[in-house]
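Working notes for the structure below.
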Amino acid sequence: MNLQSKIFLALAFLFAIILLMGGLGGYYLNQLANDSQAILQDNYVSFEYSSRMQRALPRLPEPEAVADFERNLKKQEGNITEVGEAEATATLRREFDQYRKGSADEATRQRMLQTLFQLDDINGQAMVRKNEIAKQTADDALVWLAVVGTVCFLIVLSFTINFPAYIARPLRELTQGIKQVTNRNFEERLHVQSSDEFGELARSFNRMAEKLDEYEHSNLARILFEKKRIETLIQVMSDGIVGLDQNRYILFVNQVASRLLGLSEAELLGKYAPDIAAANDLMRTLIQDVMPPLQRTRNAQNDAGASGLLKIYDGDKESYFSRQTQPVDIVRTGDEQAVRAGYVIVLKNVTSYKELDLAKTNFIATVSHELKTPISSIKMSLKLLDDQRIGGLNDEQKELIANVRDDADRLLAITGELLNMAQVESGQIQLNLQPVAPADIVSYAVNALRVSASQRQIRLQVTLPAVLPQVRTDPDKASWVLVNFLSNAVRHSPDEGQIEVSAKAGKQGVEFRVRDHGAGIRPEHRDRVFDRYFRAPGSNGQASGTGLGLAISSEFIQSMNGQIGLDTRVTDGAAFWFTLPVEAS
């Protein structure tokens, strides 16, 4: 039996003990609850009915007293639970009926009172009897719980004492054995005779010690065998692998990498990688990370594209690969500092993931485009409903229409962001670059957000120099970015706050800046604000928006040769900025 099964059985045994104690306690508690409930439901309620009838009896024949007596008598007739209670109740009913028919003498009243006393006596005796039963149940519960609890306590105590020793003893022996092997005593062996994981661990340790002992006395043939095995493993891997030494000579290359490079292993092994790269574009791209900075070429750096993936034709199919360059550092015997021993370049085929990503992008673009038509139809219908020529609306209907219009606007904004993101991901950003005055961009964005800001009494302070050079940009996309900055600032600013919007000329072009005085962005989130689908939590801990606005803004600005960022020096609020290149005169 393995260790997992033993631990499982031990825990199952403890769980069974817990269930036993809980079940036993629950059973007796249920019994006590049933006994108490029987007293309350069967006898105490009858006492209440009898007491009410006794209070009503002296006031007979008043109509109210007769009705009260009749009501409680009917309830008593429906709660007959004890021996003799039915006969007493029937007698009471008979005497009461005679009393109502005209026999309203004192003798009848006394017989009814005696019958009520008889009912009290029957229920009182039953309550005493059931109380004794409940007391006996409690005594039995106490005895059984004490006996079972004592037995379980002894078993658990024995288990607690012995089981840790069972686990710790082999571990101590294994630790001692590892210390011996560390001291190069490869003849050390563990003597754990069990069929569980500890026994398997001891046997594996002994086999390891034997192999280390063999390695200690190994020969060149053994070393060559291990080298051949490693080379075989590299060859059968599905990823393309190229190994270089510290001087960038090719040490090994597997079949996948040689096929992608279009060269045979004989043409690659032992050759100087930069010499191969002079006539091979893929090799020139692969070795960029291992070349000195001054020898890196711009074309090779751009071969990977914006996504960092390599597009390679593998046969007749266009495939995508991710590149990973791993430096290999070793510490020579007797040295303390690691030295560079070479590099391993891995090409991983991510074509299937790229195809899924393209399918996702196309799906988002299609769905977003299809959603815009019904949303626009909804907005048109809302506009028609607002038209007084169709008919007047009450205040509640106007409020509902306003809520629907807000939701439709929100959906339209989300679909617009999704369409923009699909455009960004597909690499098909359509730009209409032209000279634009920075004041026009700022004016458009401020006017677009002025109403929503005024609803919360937020002041928009615009600072523009008298003279600013024109920027070369797409006015729609630049305005979209600035509107996005402003909408975020309005959303996160306190009521009656202030937002500063400014533009100024700088070395990199014209810088546009939006500064708010809200809760700001936490330091741990500042590096991720431009990531796709990342939503920084607000002051209440809840995230808002789709997480696409800033990501789309970053792609738009970079596609127009600009820069974008967050001013990390601002702590009381947030300040976002972007720069656009100046139109050449």
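Just so we're clear, the structure is a prediction, and the values are computed from it rather than from any experiment.
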Mutual orientation of the aromatic rings belonging to F576 and F530 [parallel < 30°, tilted 30-60°, perpendicular > 60°] =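 Rings of F576 and F530: perpendicular, as their planes differ by over 60°.
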Is atom [atom1] of [X] surrounded by more than 12 heavy atoms (other residues, nucleotides or ligands) closer than 6.0 Å?
X	atom1	answer
N447	CG	yes
E524	CD	yes
Y444	OH	no

Run the salt-bridge test on D567 and R515 with the 4.0 Å N-O cut-off and return the result as yes or no.
->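 Not counted as a salt bridge, because no side-chain N and carboxylate O are separated by less than 4.0 Å.
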Working for side-chain hydrogen bond (donor to acceptor under 3.5 Å, both in side chains), residues R229 and T232 = CA-CA 5 Å; R229 178 158 58 184; T232 303; over 6 Å; no
Taking the six-membered ring for Trp, is the centroid-to-centroid distance between W480 and F556 below 6.0 Å?
->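 That pair passes the under 6.0 Å test.
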Where do I241 and V253 land on the side chain to side chain contact (heavy atoms under 4.5 Å, CB included) test, with the steps shown first?
-> CA-CA 6 Å; I241 300 177; V253 59; over 6 Å; no
If only atom types and distance count, is the side chain of S443 paired as donor or acceptor with the main-chain N or O of A439 below 3.5 Å?
->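 A pair under 3.5 Å: no.
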Within the distance-only criterion (no hydrogens, no angle test), does the side chain of S554 pair as donor or acceptor with the backbone N or O of A551 below 3.5 angstrom?
->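 No; zero donor-acceptor contacts below 3.5 Å.
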Which heavy-atom pair separates L433 from R472 by the least distance, and what is that distance?
->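 Taking L433 first and R472 second, the nearest heavy atoms are O-NH2, 3.9 Å.
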Test side chain to side chain contact (heavy atoms under 4.5 Å, CB included) applied to Y249 and L244, step by step = CA-CA 5 Å; Y249 282 88; L244 308 175; over 6 Å; no
